[in-house]
Amino acid sequence: SRLQIAVTGMAGTNAELAIAFAGRTRLQGRLIDLYDTSGAYKRSLVFPAMIKGIARLRELYVLLAEIDGAPTLVVARHP
């Protein structure tokens with residue numbers, strides 16, 4: 001059997017955990033699911049490019065993304 005990786009990155013704050021998923025839908029590699037500190041699902045965010053890694057500081061997301069085939073650091077703000 002072939003190993004498949006679902007999570008491409010995780011980052012957390014005191015209030016929530018953000019998990020970037022590879023997935024198999026049309027949003028493949030662009031989805032970030034947010035969970036509260038109890039692990040309950042809160043909502044999903046969709047990024048316009050393929051996410052390769054994620055870091056979080058308060059409401060700032062620092063994403064390692066693939067844009068036009070090149071690795072790119074992107075800083076995005078989300079309340």
Side-chain angles (χ1 to χ4, degrees):
S1 92
R2 199 174 114 206
L3 177 66
Q4 294 187 355
I5 298 174
V7 175
T8 58
M10 279 193 247
T13 66
N14 291 340
E16 67 185 10
L17 178 65
I19 303 177
F21 285 97
R24 289 186 160 193
T25 68
R26 63 182 176 78
L27 301 175
Q28 185 173 15
R30 301 185 303 128
L31 206 59
I32 299 171
D33 285 347
L34 302 176
Y35 299 87
D36 68 19
T37 54
S38 74
Y41 172 81
K42 292 173 68 175
R43 65 189 177 279
S44 294
L45 306 174
V46 178
F47 190 67
M50 185 76 69
I51 300 166
K52 299 294 187 180
I54 183 173
R56 178 104 188 257
L57 177 62
R58 295 185 188 87
E59 72 278 357
L60 291 179
Y61 292 87
V62 180
L63 304 172
L64 174 58
E66 185 175 314
I67 300 176
D68 295 329
T72 307
L73 279 179
V74 177
V75 177
R77 180 180 301 272
H78 184 74

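The structure presented is a predicted model; accordingly, all values stated were derived computationally and were not measured.
- When side chains are defined from C-beta on, F21 counts as touching V7, because their heavy atoms get closer than 4.5 Å.
- Interatomic distance, T8 OG1 to R30 CZ, rounded to the nearest 0.5 Å: 13.0 Å.
- Listed by chain and residue number, D36 satisfy the side chain to side chain donor-acceptor pair (under 3.5 Å) test with S38 (two or more places apart in sequence, or in another chain).
- Connectivity analysis of hydrophobic side chains (ILVMFWY, heavy atoms under 4.5 Å, direct or indirect) links L57 to nothing; its cluster partners are none.
- R56 contributes a side-chain N or O that, together with a main-chain N or O of R58, makes up a donor-acceptor pair within less than 3.5 Å.
- For the atom pair I32 CD1 and Y61 OH, the distance stands at 6.0 Å (nearest 0.5 Å).
- Sorted by first and then second residue, the pairs that involve residues 23-44 and meet ring pair (Phe, Tyr, Trp, His ring centres under 6.0 Å), not counting sequence neighbours, are Y35-Y41.
- In plain terms, the two heavy atoms of I54 and A20 that are nearest each other are CG2-CB, 4.4 Å.
- M50 belongs to no multi-residue hydrophobic cluster, having no ILVMFWY side-chain contact under 4.5 Å with any other such residue.
- Here L31 contributes atom CG and I19 contributes atom CD1; the two are 11.0 Å apart, rounded to the nearest 0.5 Å.
- For the pair E16 and L34, the tightest heavy-atom approach, listed with the atom from each and the gap, is OE2-CD1, 3.8 Å.
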List the atom pairs, donor and acceptor, that lie under 3.5 Å between side-chain atoms in residues 62-75 and the rest of the protein, sequence neighbours left out.
residue, atom, partner, partner atom, Å
T72, OG1, A70, O, 3.2

